[in-house]
Amino acid sequence: MKVANKLHQFFIRVPSPMYLGIAVLIFAASNSVTRKIVEIGESHAINGRNPISLCNVLFVGNICALGLMTLIFYQDWQRQTLKALTRKDWIILTITGILSGAIAPALIFAALGQTNVTNIVLIGRIEPILTLLLGVLLLGSRVDFWAIAGSLISLAGVIVTAVLGSSSQMMTMGGFQIGNGEIFVAIAAIIGSIATVVGKLQLQSIPLGIFTIYRNILGTVFFFLLANLLYGPHHFAEVLSPFLWQWMIIYAAVIVVTGQLCWLAGLKNATSTELNLASLLNPIAAIIMGYLILGEAPTLAQYLGGSLLFVGMIFGFVGNLYQAKINRLLVDPNPRDAMETAIGFRGV
């Protein structure tokens, strides 16, 4: 008991930025780790099928995440709270759950099989840009020079990466050759931004635990049914493979559980500045992880696009600092906004 109390006191004393830093590093590695364990599964095929397929990783990873989120947020699931939700609330919850909990992550996993991690990271940065634009159009959000300039520069970086840095099968769009993997990432970003804005517009009164767990359950079930419809019932034939689960236990322990717990612990006392800095550093860390884990060296197009994105994110960071100083919001950001901070793929 004394040991447990000492550990508890130790974890309480760890500053929020350290927890956020650990979470950012873990989330940054998630794309590369996912690709790596899928490659390991390819060399251990069962009946000609990869037991650690991208679909199996997404499905099992979401189940592990559901277990963790249930332990954290179960108190939000009170009968009186659920009764207070209207039919409109459930409809919007269902739509956002399918969009952000099933379709968007499925597209990211599909992209992982067709293009390199660096492209996924860089093009995925279009999501906060679109969220900002939709926020202005639908929520009446006010933006300053820094936000506008940062978004335009970042958008230029995304376009450069998508058009010049494609590494997957090409598709012609508007006279430009763009890879399928890059298109999947862009669509996932669009879906994610729409779900985020709809959530801000309609779901702010719904407890975070109900929003998170319902989205996870619905997304997992919808993805399972959709994959069976598209690929047949045999698609998840190896989902109970011991080889899959021995790797998924490691994946879940590090990427899902440790990453999410560090993120939640960091959010408790994090300031808006610290969250913005985490969002800024994540793509840089993800590209470094892609090089260390997969040996993916950035191409010239990725260096150019990434540089533009980095400059745009710095502009946005400066703008956020300025707005936070004006509004005195340096402490205690909105919990929903904090949870949904755009730091890229988080492993589930």
Side-chain angles (χ1 to χ4, degrees), residues 20-21 23-32 35 108 111-112 114-133 143-168 170 173-190 192-193 273-323 341-346:
L20 288 178
V24 165
L25 288 175
I26 290 173
F27 293 150
S30 59
N31 275 317
S32 300
R35 170 75 66 79
I108 293 292
L112 274 171
Q114 299 199 37
T115 190
N116 58 52
V117 168
T118 302
N119 274 5
I120 291 173
V121 171
L122 295 179
I123 296 172
R125 295 303 301 177
I126 197 175
E127 182 175 341
I129 301 171
L130 294 173
T131 302
L132 178 67
L133 176 61
V143 293
D144 55 17
F145 163 79
W146 295 101
I148 295 172
S151 296
L152 291 175
I153 296 171
S154 296
L155 181 61
V158 171
I159 293 172
V160 167
T161 304
V163 175
L164 302 180
S166 177
S167 62
S168 58
M170 307 294 282
M173 293 186 67
F176 294 100
Q177 293 285 325
I178 303 175
N180 289 344
E182 286 73 15
I183 292 173
F184 290 156
V185 177
I187 295 174
I190 294 170
S193 61
T273 303
E274 290 165 352
L275 290 176
N276 289 326
L277 189 58
S279 178
L280 175 67
L281 294 177
N282 178 263
I284 302 170
I287 293 171
I288 294 172
M289 289 296 182
Y291 176 74
L292 295 176
I293 297 173
L294 300 173
E296 288 187 357
T299 64
L300 180 60
Q302 289 168 345
Y303 274 121
L304 181 57
S307 298
L308 289 170
L309 275 165
F310 184 63
V311 172
M313 286 187 290
I314 290 177
F315 270 67
F317 179 64
V318 171
N320 285 329
L321 279 179
Y322 179 70
Q323 286 297 323
T341 300
I343 60 167
F345 177 63
R346 303 182 190 183

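Since we're looking at a predicted model, the values are computed, not measured.
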Which atom pair, heavy atoms only, marks the closest approach of [X] to [Y]?
| X | Y | value |
| --- | --- | --- |
| Ala28 | Asn282 | N-ND2, 3.8 Å |
| Ile293 | Ala29 | CD1-CB, 4.1 Å |
| Met289 | Leu25 | CE-O, 3.9 Å |
| Thr131 | Ser193 | OG1-CB, 3.2 Å |
| Gly305 | Val160 | N-CG1, 3.9 Å |
| Phe315 | Ala149 | CD2-CB, 3.7 Å |

To the nearest 0.5 angstrom, please state how far the [atom1] atom of [X] sits from the [atom2] atom of [Y].
| X | Y | atom1 | atom2 | result |
| --- | --- | --- | --- | --- |
| Asn119 | Glu296 | CG | CD | 8.5 Å |
| Leu155 | Leu132 | CG | CG | 11.5 Å |
| Ile108 | Ile187 | CD1 | CD1 | 10.5 Å |
| Ile123 | Phe184 | CD1 | CZ | 12.5 Å |
| Ile183 | Gln114 | CD1 | CD | 9.5 Å |

Beyond-backbone contact of Ile287 with Pro298, side-chain heavy atoms, under 4.5 angstrom: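 When only atoms from C-beta onward are counted, Pro298 and Ile287 do touch, with a gap below 4.5 Å.
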Close side-chain approach of Gln302 and Asn116, heavy atoms under 4.5 Å: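 They are in contact (side-chain heavy atoms under 4.5 Å apart), so the answer is yes.
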Check: Gly150 main-chain N/O paired with Ser154 side-chain donor or acceptor under 3.5 Å: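 Yes, because the side chain of Ser154 sits within donor-acceptor range (under 3.5 Å) of the backbone of Gly150.
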Whether Arg35 side chain and Leu112 backbone form a donor-acceptor pair below 3.5 Å: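 Confirmed, Arg35 side chain pairs with Leu112 backbone.
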ring-ring contact (aromatic ring centres under 6.0 Å, His included) against Phe310, all qualifying residues, sequence neighbours excluded: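 Phe310 satisfies ring-ring contact (aromatic ring centres under 6.0 Å, His included) with no other residue.
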